[in-house]
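Residue numbers begin at 1 in each chain, while the letters A, B, ... track the order of the sequences.
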Amino acid sequence: MTAQATPNTAPRYAVVGKFPPSEKAFQELSQYLEEVGLNPTEGVFTGAVKCRTWDATPTRTVIKACAPYLQQELSLLPDTVRYVLVMGNEALQATLGKSGITKYRSKEYEIAGTGTVERDGKVIHSQPLIAVPTLAHNAVKRNPGQYSGFMADLKFFAAKVNGKDGAAVVKPPKRIRYVLDKDTLRALKAALENADVVSYDIESASDHPGFLEKDPSSKIVSIAFTLVSKDRKLSCWALPLFHPESPWRSNWERILEFIRRVFCRIRVSIAHNGKFDNRWLRQWGVNRYLTFDTMLAAHLLEENRRKSLKELAHMELGVPNWAIETKELLKTPIMEVLEYNGLDTWYTYHLYRLFRRQLKEQPALDRIFNRFYMPSANEFTGIERRGVWTDRERLVERHKEAVRQLAEVDAKIMEYVPEGHGLKEVNFNPSNFLRWLLFDHLGLPVIRRGKEKDDGRPGDPSVAEGVMMELAEHHPIAQLLLDRVKWNKYCSSFFAAYLELIDDDDRIHTTFKLHGTTTGRLSSGKENDGEKISAKKQVRGVNLQQVPRDKFIRGLFGAQPGWYFVEFDYSQIELRVAAFLANEPTMKYLYQTGQDIHMTMAMQMTGKPAHLVTKEERKKAKSVNFGFLYGMQWMKYIDTAWNNYGLRVTDDEAKAFRKAFFAQFPELLVWHRRQRAMVAKYGRVQSPLGRVRHLPDIYSPDREVKAEAERQAINSPVQSFASDMILISLVILHQKFREMGLQARSIGTVHDALNMEVPAPEMGVVLPMVKEVMENLPLEEWFDLHVDIPIVADCKVGHRWGDAIELEGHQIANWDPKILEAAS
DNA sequence: GTCAACAGCGCG
DNA sequence: AAAGCGCGCTGTTGAC
């Protein structure tokens, strides 16, 4: 059962991998374990799969078949073993019956069926084992980027085995003051008044999970504070509000009002994902500026890590999970809720101390954090609450139209479905029915297959767009299916979400994550994927960064009567940034003389002169430029040309085209080499503003993994800088709008674009100001960075997003509403 | 019924 | 032999 000699002392822990470890694997594992202070001779090593077969990737069935043997084996371990290190997904399935190691890792779970075992009336094993899942060490070897998290898991496991749970770096507060009577309430107010620093957190509840604070059923259940007084004393407080057992339940809004002013005046305010708390607090009139978000700091310092408060406290402070089981806060005893709420603020405060120090050690990151990251986070509190005005009438109308179109296409496709086909329901989505219809019934050729099955069977035939385009040459049904995809997507993905999420003020809200991407771009979608919302209820979200460009959809969004929808986007920003970073003379020349590189490519590809190139064709050329810019090879280019242009390109043509691209911009290749050297040397790259992308996978022995990291090293600084420019614009403009007493305001960003709504009378002032700000960011002043490429912001104005028209420079400088009328 | 993986497609 | 980057949402399937 074990690969090494039987330990001569009683075992103290067990380790389960995919297979019982080989001699080599055992040696490697031993090193890791010794590093975290565990003696390998005190461990029992085994595997999920007993029968090592020819098949290197055991199927679920095999694992399932082996699981009882493993459980029995574990149950028979002596009571000196309490903890089991579970390494990899197969071991996870065998011990806990769960799949998804990245989700389950770093925590502890009881292993079912490993309780008391008696033999001959004698108890030989008396308690259930505890599993601590982590990654398979082979996976870590292949992806060195996983190393630090893996070691943190091992440390956590070692602390459990060695019974050093109490050895957390940060201890819980000696006392949490529960504000349950008037005297304590007054004491809290005095403490807030006397505080220099506050870490805060709210607990909230709503009948509609995922809904905004604006929902009538939404309430603040409790609020907690960790305070640092002016004489540097720490205290932790928890104040119940709407909780059923709260003494303040009936007048909780007044209690909040009672402490509002003193709370808002505190100099330093800290929260974890404070944008959420601030949105809710603002709903009840509490307008608290957030000065330090620990989640955002965590992201800026290490963009690859997990960012939940519990996980950070675990990894950084050694604090065991304090979460309460249920998410039904109103049904949880009040003292449990309050303790939980208080601890949240306590550990948030301690993370703040750590991250603030780490940021100070990296001045470039600290500058980013303070200059525009925190300010923009505060701005997004307002943006999310505001939402985007939506034309309800059009929404309803066009939804009907989309449903009608879908039904029409469906009817046409139906003509190819034989009567009594004997299969289950007709389903034109990518389903087994569709595959049967196309490939079995109609006998169309299988162009491509999906991923191979676990047990080695070939993957299902692909029915993706590119495949359909090829099939269109064989059979008319393929074109119908291509048409259907669009209407189906519109109905199910877009209209369904918009109709559900439009609020009583005709506005649609999204949540922006400022920690959503590794490069610093924002992501947009539903409030929370798991932590605060029960998984049982379906929560719909909407991503306002992926609204189809089709007027049919973009025409739904806009500005309320009397206002204009205004979009400013950075023209070809990533290409300009790349030209700057590569110091590419030809590209620089083209931009300095006001030319358009995407258009040049479009002309080459279509063979048309500039005035005949359509917008769509230029857009497609863009994807080719970006492809080559970021390391696309000729093989993929053949696909791209076919999918985007319906253009058949031979191998030689593709190779020649790629060569021509780099011959035109030779410095790009030098820059690529430079980025590869940089990431190889430091394991990370930096954007011109100093945002860091850690790429430990560069050290992978796997060539593919390594090459991926190299391409990321090329792309990251570009994408990073471009998206930070939008955040900086947002922050400066917000400041200006306020200073000038304007009502104009941002309603969202789309990576390189800023969307605003502007009252009609303010247009003349706002348009030229936005252009001026966006094209002349204070990069020299703020970051000591000189950019020698012209930066251009294009402007579109309309009553609706989809109907907005592009303005010329002089039209921006001299706004005249007649421009729109003339255009329509 | 729930969960996880995958395919497919929307955006930049 | 083969390799653009960065995301989020919906729907299907197979396993439990």
Side-chain angles (χ1 to χ4, degrees), chain A residues 59-61 63-64 89 93 97-104 303 425 427-435 448-451 453-454 459-468 485-486 488-494 496-497 510-511 513 516-526 529 535-536 538-550 553-554 569-570 573-574 578 619 622-637 639-640 643 658 672 693 702-720 722-723 726 749-753:
Chain A
T59 62
R60 282 189 181 192
T61 330
I63 293 167
K64 211 182 128 192
N89 205 39
Q93 285 174 45
K98 302 282 186 187
S99 182
I101 188 66
T102 52
K103 183 180 161 192
Y104 288 96
E303 72 287 355
E425 247 171 289
N427 184 347
F428 299 134
N429 290 326
S431 62
N432 287 339
F433 173 81
L434 184 67
R435 293 191 180 96
R448 211 172 64 208
R449 284 183 180 275
K451 212 183 155 195
K453 308 270 181 185
D454 278 355
D460 294 329
S462 166
V463 289
E465 195 185 10
V467 169
M468 281 301 163
V485 166
K486 169 181 152 178
N488 184 50
K489 181 99 178 155
Y490 280 10
C491 289
S492 66
S493 197
F494 297 110
T510 187
T511 302
K513 282 201 179 89
T517 78
T518 49
T519 58
R521 274 189 175 185
L522 310 190
S523 68
S524 155
K526 60 181 93 171
D529 296 336
K536 276 188 187 151
Q538 198 67 29
V539 178
R540 214 185 266 276
V542 57
N543 180 343
L544 286 180
Q545 299 191 134
Q546 53 158 213
V547 178
R549 311 191 78 200
D550 188 345
I553 306 277
R554 282 209 178 171
D569 77 291
Y570 276 122
I573 190 62
E574 288 199 16
K619 197 199 158 194
K622 212 165 145 180
S623 74
V624 175
N625 279 334
F626 285 131
F628 287 144
L629 179 67
Y630 295 136
M632 181 170 67
Q633 303 297 305
W634 62 268
M635 285 282 276
K636 174 80 181 262
Y637 170 67
D639 281 355
T640 307
N643 287 330
R658 184 172 187 278
H672 283 189
R693 174 85 188 264
D702 187 310
R703 296 174 62 153
E704 212 177 302
V705 174
K706 183 180 174 183
E708 190 179 356
E710 288 177 340
R711 292 192 300 273
Q712 289 164 331
I714 290 163
N715 169 274
S716 260
V718 179
Q719 200 182 102
S720 221
S723 51
I726 278 291
T749 60
V750 189
H751 307 310
D752 62 358

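In this structure, K706(A) places its NZ atom where only 12 or fewer heavy-atom neighbours from other residues, nucleotides or ligands lie under 6.0 Å away.
Of all nucleotides listed (dA5(B), dC5(C), dA3(C)), dA3(C) comes nearest to the side chain of M635(A). Distance from the side chain of K489(A) is smallest to dG10(B) among dG10(B), dT12(C), dC5(C). Looking at the side chain of K619(A), the nearest of the listed nucleotides dG12(B), dG4(C), dG8(B) is dG12(B). In this structure, the nucleotide among dG6(C), dC9(B), dA1(C) sitting nearest to the side chain of T517(A) is dG6(C). The E708(A) side chain lies nearest to dC5(C) when the options are dA5(B), dT10(C), dC5(C). Proximity note for M632(A) (side chain, C-beta onward) versus dG14(C), dG4(C), dG12(B): the nearest is dG4(C). With dG8(C), dA1(C), dG4(C) as the choices, the nucleotide that has an atom nearest any side-chain atom of Q546(A) turns out to be dG8(C). The side chain of F494(A) lies closest to dG10(B) when the candidates are dG8(B), dG10(B), dG4(C). Which of dA3(C), dC9(B), dT13(C) sits closest to the side chain of Q633(A) comes down to dA3(C). Each of dC5(C), dG10(B), dC11(B) was ranked by its minimum atom distance to the side chain of H751(A); first place goes to dC11(B).
Place G541(A) and T519(A) on DNA chain C by their nearest nucleotides, and T519(A) ends up nearer the 5' end.
Nearest approach of T510(A) to L544(A), heavy atoms of both residues: CG2-CD1, 3.8 Å. The minimum heavy-atom distance linking S716(A) with T519(A) is given by the pair OG-CG2, 3.7 Å. Residues S623(A) and T640(A) approach most closely at OG-CG2, 4.1 Å, considering heavy atoms. Annotation for A497(A) and R540(A): closest pair CA-CD, 3.3 Å, computed over non-hydrogen atoms.
Listed for the D460(A) side chain is no donor-acceptor partner under 3.5 Å among the backbone atoms of G450(A).
Y104(A) has a side-chain polar atom (N or O) that falls below the 4.0 Å cut-off from OP1 or OP2 of dA4(B). For the OP1/OP2 pair of dC7(C) and a distance below 4.0 Å, the side-chain nitrogens and oxygens of N543(A) include no atom meeting the criterion. Applying the 4.0 Å criterion to OP1 and OP2 of dG4(C), one finds that R711(A) has every side-chain N and O outside that range. Between R549(A) and dG12(B), a side-chain N or O to OP1/OP2 separation shorter than 4.0 Å is present. For the pair Q712(A) and dG6(C), the criterion of a side-chain N or O lying under 4.0 Å from OP1 or OP2 is met. A close approach under 4.0 Å does occur between a side-chain nitrogen or oxygen of K636(A) and OP1 or OP2 of dG4(C). Dashed line: the shortest gap from a side-chain N or O of S523(A) to OP1 or OP2 of dC11(B) is not under 4.0 Å. Look at S492(A) and you'll find a side-chain N or O under 4.0 angstrom from OP1 or OP2 of dG11(C). Between R658(A) and dG4(C), a side-chain N or O to OP1/OP2 separation shorter than 4.0 Å is absent. For S462(A), no side-chain nitrogen or oxygen approaches OP1 or OP2 of dA7(B) to under 4.0 Å. The side chain of N427(A) places no N or O atom within less than 4.0 Å of a non-bridging phosphate oxygen (OP1 or OP2) of dG11(C). OP1 or OP2 of dC7(C) has not a single side-chain nitrogen or oxygen of S524(A) nearer than 4.0 Å.
Put simply, CD1 on I714(A) is 11 Å from C1' on dA3(C), counting in whole angstrom units. Going from atom CG of L544(A) over to atom P of dG12(B) covers 13 Å, rounded to whole Å. Across the protein-nucleic acid pair, M468(A) atom CE and dG8(B) atom C1' stand 11 Å apart, rounded to whole Å. Taking atom CG of D460(A) as the reference point, atom C1' of dG14(C) lies 11 Å away to the nearest angstrom. At whole-Å resolution of the value, CG in N715(A) and C1' in dG12(B) are 11 Å apart. Separating the CG atom of N488(A) from the C1' atom of dT10(C) is a distance of 9 Å, rounded to the nearest angstrom. Counting to the nearest Å, the P atom of dG4(C) and the NE2 atom of H672(A) are 13 Å from each other. For the pair R435(A) CZ and dG8(B) P, the computed distance is 7 Å after rounding to whole Å.
Residue-level contact check: A464(A) touches the backbone only, with heavy atoms under 4.0 Å from sugar-phosphate atoms and none from bases. Heavy atoms of T518(A) sit under 4.0 angstrom from primed sugar atoms or phosphate atoms, though from no base atom. R449(A) comes within contact range of no nucleotide atom at all, as no heavy-atom separation falls under 4.0 Å. When heavy atoms are screened at a 4.0 angstrom cut-off, R693(A) is found touching the sugar-phosphate backbone but no base atom. Residue V718(A) is classed as having no contact, given no heavy-atom separation below 4.0 Å to the nucleic acid. Counting any heavy atom pair closer than 4.0 Å across all strands shown, E465(A) reaches sugar-phosphate atoms only and no base atom.
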| task | In sequence, state the C-alpha distance, the side-chain angles, and the governing distance for E465(A) and K489(A), and then conclude on salt bridge (charged side-chain N to carboxylate O under 4.0 Å, His left out). | result | CA-CA 13 Å; E465(A) 195 185 10; K489(A) 181 99 178 155; over 6 Å; no
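A donor N or O paired with an acceptor N or O is found under 3.5 Å between the base of dG6(C) and the side-chain atoms of R521(A).
Note on ring orientation: taking the six-membered ring where Trp is involved, the planes of F494(A) and Y490(A) are perpendicular (angle over 60°, cut-offs 30° and 60°).
If you check dG4(C) for Watson-Crick or wobble pairing at under 3.5 angstrom, you find it has no partner at all.
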